[in-house]
Amino acid sequence: MDTSLNNSKENHSIKKSLDFYNLMKTRRSVRQFSEKNVADEILLNAVKTAGSSPSGANRQPWHFAIIKSQDIKNKIRTAAESVEHNFYNNQSAKQWIEDLKPFGTNEHKPYLSKAPALIAIFSRTQITEADQNIQKTYYPIESTGIAVGFLITALHQAGLSTLTHTPRPMCFLNEVLNLDKTYKPFMIVVAGYPELPIVLPNITRKDITEISAIY
Ligand SMILES: Cc1cc2nc3c(=O)[nH]c(=O)nc-3n(C[C@H](O)[C@H](O)[C@H](O)COP(=O)(O)O)c2cc1C
């Protein structure tokens, strides 16, 4: 292939990489959501995107519970606020709570019942197939983390706002959703449209030279 064609292909890739960066750097965690509905199709396409991510031995060790039911959202909020109450009153988490001060978070999580959708993500330690054969999974945590990255990216590019919420422990999710212990609660992604005006904590990103080096 002639070099000018190679160069133009590379320039195209460089532009695409920059465009994507410019899109992704506008993503922020939102903590005030409006009640405006989100079409199921958007959520399902985002979950399909998450399901296309790489995983150890392609075991796809994840489960995405898309929760739109008001009753279930209320139950999750009640359980999460109880866990968060313990966290914010735990003396051994003092430094952690101090580090969270710039984000203005507290034990109250109104968005869990107000946002139109919660996506509760589980990683799977083993998966029982239709023929009752039990499949072991590999790197379930790493794989699920990558899949959640895909999910958040897909929701952002569709114009939705998200918040990664991680009350600890999260085992109440198994109870509320009636999922057995092979489903390990990983994270709650709150998805929807922001309540206006959007109020965001002031944060900075580390420079490229601080987070990377070319060897
Ligand atoms: C693993 C993980 C857990 C998080 N847990 C919470 C949480 O429980 N509550 C919350 O308000 N934000 C949570 N966040 C959001 C972070 O505070 C936020 O991503 C960070 O401050 C950077 O801000 P940005 O997302 O707007 O770029 C979490 C983020 C990650 C990646």
Side-chain angles (χ1 to χ4, degrees), residues 20-34 46 49-50 53 61-65 67 73 75-90 92-123 139-174 176 183-208 210-212:
F20 192 65
Y21 166 58
N22 282 330
L23 170 71
M24 289 312 297
K25 76 177 183 189
T26 64
R27 182 214 55 79
R28 289 296 310 276
S29 292
V30 159
R31 295 180 178 85
Q32 290 88 22
F33 285 84
S34 86
T49 302
S53 70
W62 41 61
H63 180 72
F64 299 87
I67 300 151
K73 286 191 292 179
K75 284 183 178 146
I76 289 176
R77 177 178 172 185
T78 302
E81 286 186 333
S82 157
V83 166
E84 295 278 11
H85 173 82
N86 293 341
F87 171 74
Y88 280 96
N89 290 287
N90 178 358
S92 55
K94 226 172 152 190
Q95 182 61 51
W96 192 347
I97 294 164
E98 190 62 30
D99 292 341
L100 287 173
K101 280 207 172 128
F103 306 101
T105 56
N106 57 38
E107 65 192 72
H108 304 293
K109 306 294 173 188
Y111 49 75
L112 290 174
S113 56
K114 190 174 180 195
L118 308 179
I119 306 177
I121 299 114
F122 297 81
S123 66
Y139 296 110
I141 302 293
E142 293 83 346
S143 303
T144 305
I146 295 171
V148 171
F150 275 39
L151 178 74
I152 292 170
T153 303
L155 292 169
H156 176 65
Q157 76 82 44
L160 267 66
S161 293
T162 57
L163 175 69
T164 40
H165 181 45
T166 45
R168 284 209 316 188
M170 268 191 288
C171 36
F172 62 82
L173 288 173
N174 292 76
V176 172
Y183 291 75
K184 303 287 175 201
F186 187 77
M187 192 173 282
I188 300 170
V189 171
V190 185
Y193 299 98
E195 191 166 70
L196 301 176
I198 306 176
V199 181
L200 295 171
N202 210 357
I203 57 164
T204 54
R205 303 289 184 206
K206 289 183 181 173
D207 187 76
I208 182 75
E210 291 177 85
I211 60 164
S212 76

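In this text, all values refer to a predicted model and were calculated from it rather than measured experimentally. First listed ligand is number 1; within each ligand, the first listed atom is number 1.
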### Task
Using the six-membered ring wherever Trp is involved, compare the ring planes of Y111 and H165 and label them parallel, tilted or perpendicular (cut-offs 30° and 60°).
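Because their plane-to-plane angle is over 60°, the rings of Y111 and H165 count as perpendicular.
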### Task
Not counting sequence neighbours, which residues clear ring-ring contact (aromatic ring centres under 6.0 Å, His included) with Y88? List them please.
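With sequence neighbours excluded, Y88 shows a ring-ring contact (aromatic ring centres under 6.0 Å, His included) to no residue whatsoever.
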### Query
Which residues satisfy the ring-ring contact (aromatic ring centres under 6.0 Å, His included) test with H156, sequence neighbours excluded?
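Once residues adjacent in sequence are excluded, H156 has no partner under the ring-ring contact (aromatic ring centres under 6.0 Å, His included) criterion.
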### Task
Not counting sequence neighbours, which residues clear side-chain contact (heavy atoms from CB on, under 4.5 Å) with N106? List them please.
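If we apply the side-chain contact (heavy atoms from CB on, under 4.5 Å) test to N106, skipping adjacent residues, the hits are H108.
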### Query
What is the minimum heavy-atom distance between A115 and K73, and which atoms define it?
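So the minimum-distance heavy-atom pair works out to O-NZ, 2.7 Å.
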### Query
T26 side chain to L23 main-chain N or O, any donor-acceptor pair under 3.5 Å?
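The answer is yes, because a donor-acceptor pair under 3.5 Å joins these two groups.
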### Amino acids contacting ligand 1, non-hydrogen cut-off under 4.0 Å
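Those residues closer than 4.0 Å to ligand 1 by some heavy atom are R27, R28, S29, R31, F103, T105, L163, T164, H165, T166, M187, I203, R205.
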